[in-house]
Colleague: 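Following this message is one structure expressed as C-alpha cells.
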Amino acid sequence: VNVDVYSVVNYIAELGAKIPLVVQEFNGKEWNAVKPNHPLQTLLDKPNPYQSGVEFRLQIYSFYLTTGNGLAYSPRIEAGVNAGQATEMWVMPSDKTSIVSGGWMNPIKGYILNLSAGYENEMKFDDVLHMRTASLNYGNGQEFWGQSPLTAGLLALERSNANYSAAVNTFKNQGLKGILMQKEQEFSNQWDSSQQSTAQEQFDQNYNNIRKFGGTMMTNQQYEHLNLGLSPVDMSLILDKQATLRDFCNIYKISSILFNDNAASSYNNILEVKKSAYNDAILPIVERYVEELNTWLAPSYGENIRVVSNT
C-alpha cells in the first residue's frame with residue numbers, strides 16, 4: 001500500500017463514513033425521520049454483527065476509491081410481509097469479485113466472490129449493491145466494471161513507490177557513499193589485501209550503519225575521501241515525493257495542502273481547503289452511496305421511504 005495513496009483515500013473515506021445516514025418517511029406533506037428502531041435505519045446503523053455503520057461505510061468507500069468498485073451483499077427475506085427486505089449487509093472485496101454475464105441481453109446476471117482458491121460463491125444480481133466509476137473499457141461486460149482512479153495514475157504510483165524504496169535504501173543501508181583511501185605520501189605504507197579487508201570490516205562495524213548516521217571517524221593516519229553517494233536532497237527524492245503526492249490529490253479532487261504540502265498552497269485559509277475537500281471529494285461519494293441505497297434497498301421498505309445523508 002502506497003503511503004500517499006492511503007493517506008488521501010483514508011482522509012476522504014473516513015470523513016465520508018462519519019456522515020450519518022438517516023431514513024425518512026413521507027407522510028403526504030413532508031419528509032420526516034423515522035424512529036430509530038425502523039428496520040432500515042437499524043440495518044444502516046448496524047449492517048452486520050461485526051461492523052458499525054461507520055466502519056461498514058469506511059470499508060466500502062475505501063474499495064470504491066481505490067478499485068473503482070464498491071460492492072455490498074445483502075441476503076433478502078424471501079416470503080412474508082417483509083419479503084424483499086434485507087437481513088444483513090456485507091462489504092464484498094472488489095479485488096476478489098467478478099461479474100457473471102448472462103449474455104448481451106443480460107450483461108450482469110450476478111456476481112462471483114472468490115475468497116480463496118477453489119471456493120466461489122455466486123450472488124444474485126438483486127442481492128448486490130454495486131456502485132462504480134465510469135469505465136472507458138468496452139466489451140465483454142467491462143463497461144459495467146468500474147475503472148480504478150489509480151489506473152490513470154499508474155505511472156505516478158510506480159514513481160512514488162520507487163521514490164520511497166530509494167529513500168528507504170538510502171537511510172537503511174547508507175549505500176556506498178564514497179571511497180576512503182590513503183593520501184599519496186602514505187603510499188609507501190600501502191595495505192595488503194588482508195589489511196584492507198580488516199580495515200573495511202572495522203569501518204563498517206563502527207561507522208557504516210544507521211546508528212552512526214552523520215558520525216565522524218577519528219584516525220591518526222592521513223586519508224582522503226572520494227564522494228560517490230548522493231543525499232536524498234541531491235537525488236531530488238523530496239521534491240519528487242511532493243510531485244507524486246500532488247498527482248494523487250488531483251486524481252481524487254483534493255488539495256495536497258491537507259497532507260503537509262505547504263509549497264503548493266494557493267489558499268489563504270486552511271478552512272477553505274477543507275471546505276473544498278468536503279464539497280469536491282467527500283460529499284460526492286456519500287451522495288453516490290445514498291443514491292444506490294435508494295435504488296437498490298429503500299423501495300423494499302415502502303414507496304414512501306428514502307435514505308438521506310445528514311450533512
Colleague: Just by distance, with hydrogens left out, do Q41 and D45 show a side-chain donor and acceptor under 3.5 Å apart?
Modeller: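 Indeed, the side chains of Q41 and D45 share at least one donor-acceptor pair under 3.5 Å.
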Colleague: So I254 and D280, do their side chains get closer than 4.5 Å, heavy atoms only?
Modeller: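 They are not in side-chain contact.
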Colleague: Work out which heavy atom in P149 is nearest to a heavy atom in G68; give both atom names and the distance.
Modeller: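 That would be CD-N, 3.9 Å.
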Colleague: Do we see a donor-acceptor contact under 3.5 Å between the side chains of Q51 and Q59?
Modeller: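 Yes.
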Colleague: Any heavy-atom pair between the side chains of I19 and I282 that's under 4.5 Å?
Modeller: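 Yes - at least one pair of side-chain heavy atoms lies under 4.5 Å apart.
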Colleague: So which heavy atom on S7 is nearest to which on V3, and how close?
Modeller: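 The answer is OG-O, 2.8 Å.
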Colleague: Is there a path of hydrophobic side-chain contacts, each under 4.5 Å between heavy atoms of I, L, V, M, F, W or Y residues, that connects L21 with V308?
Modeller: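 No, L21 and V308 fall in different hydrophobic clusters.
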Colleague: Just checking, is any N or O donor in the side chain of R132 or Y64 under 3.5 Å from an acceptor N or O on the other one?
Modeller: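 Absent: no donor and acceptor within the cut-off.
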Colleague: For the side chain of T295 and the backbone of E291, is there at least one donor-acceptor N/O pair under 3.5 Å apart?
Modeller: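 Present.
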Colleague: Start with the C-alpha distance between R76 and S300, add both sets of side-chain angles, then the distance that settles side chain to side chain donor-acceptor pair (under 3.5 Å), and finish with yes or no.
Modeller: CA-CA 10 Å; R76 306 297 184 97; S300 301; 3.3 Å; yes
Colleague: May I ask you to check whether H130 and Y111 show a side-chain donor-acceptor distance below 3.5 Å?
Modeller: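 Present: a donor and an acceptor within the cut-off.
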Colleague: Using every non-hydrogen atom in the two residues, find where Q147 and L136 come nearest and quote the distance to one decimal.
Modeller: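 What the structure gives for the nearest pair is OE1-N, 3.7 Å.
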Colleague: Would you check if there is a donor-acceptor pair between the side chains of S135 and Q142 at a distance under 3.5 Å?
Modeller: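 Note: Q142 and S135 side chains miss the donor-acceptor criterion.
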Colleague: Report yes or no: does W90 contribute a side-chain atom to a donor-acceptor pair with the main-chain N or O of S74 at less than 3.5 Å?
Modeller: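 Side chain of W90 to backbone of S74, a donor-acceptor pair under 3.5 Å: no, none is there.
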Colleague: Nearest 0.5 Å please: distance from the CG atom of L15 over to the NZ atom of K18.
Modeller: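 Going from the CG atom of L15 to the NZ atom of K18 covers 6.0 Å.
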Colleague: Test I60 against Y289 for side-chain contact (heavy atoms from CB on, under 4.5 Å), laying out the working first.
Modeller: CA-CA 9 Å; I60 196 170; Y289 180 55; 4.2 Å; yes
Colleague: A side-chain contact here means heavy atoms from C-beta on lying under 4.5 Å apart; do E287 and S309 qualify?
Modeller: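 Answer yes - side chains close enough.
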Colleague: Measure the OG-CD distance between S62 and E14 for me, rounded to the nearest 0.5 Å.
Modeller: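 S62 OG to E14 CD: 9.0 Å, rounded to 0.5 Å.
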Colleague: Side chains of D126 and W296, heavy atoms from C-beta outward: is any pair under 4.5 Å?
Modeller: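 Counting from C-beta outward, D126 and W296 never come under 4.5 Å.
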Colleague: If you group Ile, Leu, Val, Met, Phe, Trp and Tyr by side-chain heavy-atom gaps below 4.5 Å, do V22 and L293 land in one group?
Modeller: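 No, V22 and L293 fall in different hydrophobic clusters.
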Colleague: Would R306 count as a cation-pi partner of W31, with NZ or CZ less than 6.0 Å from the six-membered ring centre and within 45° of the ring normal?
Modeller: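 Output yes; distance and angle both within limits.
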Colleague: Within this structure, what is the CE-OG distance for the pair M131 and S94, rounded to the nearest 0.5 Å?
Modeller: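 Reported to 0.5 Å precision, the distance equals 10.0 Å.
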Colleague: Under the side-chain contact (heavy atoms from CB on, under 4.5 Å) rule, what do L245 and D247 come out as? Steps first, then yes or no, please.
Modeller: CA-CA 5 Å; L245 171 63; D247 288 338; over 6 Å; no
Colleague: Please name the pair of heavy atoms, one in E88 and one in P49, separated by the smallest distance, quoted to 0.1 Å.
Modeller: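 Closest heavy-atom pair between E88 and P49: OE2-CD, 3.6 Å.
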Colleague: Identify which one of I12, N10, V286, V91 satisfies the side chain to side chain contact (heavy atoms under 4.5 Å, CB included) criterion when paired with Y61.
Modeller: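 Going through the options one by one, the only one that passes is V286.
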Colleague: Judged by atom type as modelled, is there a donor-acceptor pair below 3.5 Å linking the side chain of N69 to the main-chain atoms of G146?
Modeller: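 At least one qualifying donor-acceptor pair exists.
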Colleague: Side chains of L115 and L113: does their closest heavy-atom pair fall under 4.5 Å?
Modeller: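 Contact flag for L115/L113 side chains = yes.
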Colleague: Quick one: pull up CD in Q24 and CD in E30 and give me the separation to the nearest 0.5 Å.
Modeller: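 Here the rounded value is 10.0 Å.
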Colleague: Using the rule that two of Ile, Leu, Val, Met, Phe, Trp, Tyr join whenever any of their side-chain heavy atoms come within less than 4.5 Å, decide whether L283 and V54 are in one cluster.
Modeller: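 In one cluster with L283: V54, no.
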Colleague: Can you find a pair of side-chain heavy atoms, one from W145 and one from N137, that are under 4.5 Å apart?
Modeller: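 They are not in side-chain contact.
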Colleague: List the atom of I77, the atom of N82, and the distance in Å for their closest heavy-atom pair.
Modeller: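 Smallest heavy-atom distance, with atoms named: CB-O, 3.6 Å.
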Colleague: Could you tell me if N304 and E25 have a donor-acceptor pair between their side chains, going purely by distance under 3.5 Å?
Modeller: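 Yes, N304 and E25 have a side-chain donor paired with an acceptor closer than 3.5 Å.
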Colleague: What distance separates M92 CE from D95 CG, expressed to the nearest 0.5 Å?
Modeller: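 Reported value, rounded in 0.5 Å steps: 11.0 Å.
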Colleague: For K274, does the NZ atom sit with more than 12 other heavy atoms under 6.0 Å from it, leaving out its own atoms?
Modeller: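 For K274, atom NZ is not crowded (no more than 12 foreign heavy atoms under 6.0 Å).
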Colleague: Would you give the length of the straight line joining atom CG of N106 to atom OG of S101, rounded to the nearest 0.5 angstrom?
Modeller: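 Answer rounded to 0.5 Å: 7.0 Å.
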Colleague: Begin with the C-alpha distance, continue with both residues' side-chain angles, and end with the deciding distance and a verdict on side-chain contact (heavy atoms from CB on, under 4.5 Å) for N2 and F248.
Modeller: CA-CA 11 Å; N2 181 278; F248 297 140; 3.8 Å; yes
Colleague: Is it true that I112 and L71 fall in one hydrophobic cluster, defined by side-chain heavy atoms closer than 4.5 Å?
Modeller: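 Per the 4.5 Å side-chain linkage, I112 and L71 are not co-clustered.
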Colleague: I'd like to know if the side chain of N250 and the backbone of R246 have a donor-acceptor N/O pair within less than 3.5 Å.
Modeller: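 Between the backbone of R246 and the side chain of N250 there is a qualifying donor-acceptor contact (under 3.5 Å).
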Colleague: Under 4.5 Å between side-chain heavy atoms, counting indirect links through other Ile/Leu/Val/Met/Phe/Trp/Tyr residues: same cluster for V290 and M89 or not?
Modeller: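 Same hydrophobic cluster.
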Colleague: Could you check whether any side-chain heavy atom of L129 comes within less than 4.5 Å of a side-chain heavy atom of L297, counting everything from C-beta outward?
Modeller: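 No; the side chains remain at least 4.5 Å from each other.
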Colleague: Can you see which heavy atom on A72 is nearest to which on F56, and at what distance?
Modeller: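 What the structure gives for the nearest pair is CB-CZ, 3.8 Å.
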Colleague: Under 6.0 Å from the CD atom of E122, do we count more than 12 heavy atoms belonging to anything else shown?
Modeller: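 Yes, enclosed.
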Colleague: Would you call the rings of H38 and Y301 parallel, tilted or perpendicular, taking 30° and 60° as the class edges?
Modeller: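 The arrangement is tilted - the two ring planes meet at 30° to 60°.
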Colleague: State which residue, out of I257, V8, T244, L258, fulfils the side chain to side chain contact (heavy atoms under 4.5 Å, CB included) condition with C249.
Modeller: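 Of all the options given, the one that passes is V8.
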Colleague: When you look at OH of Y6, are more than 12 heavy atoms from neighbouring residues, nucleotides or ligands closer to it than 6.0 Å?
Modeller: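 Count not over threshold, so no.
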Colleague: So, does T151 use its side chain to make a donor-acceptor pair with the main chain of S148 at under 3.5 Å?
Modeller: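 Confirmed, T151 side chain pairs with S148 backbone.
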Colleague: Can you check side-chain contact (heavy atoms from CB on, under 4.5 Å) on Y11 and Y252, steps first, answer last?
Modeller: CA-CA 11 Å; Y11 182 91; Y252 288 107; over 6 Å; no
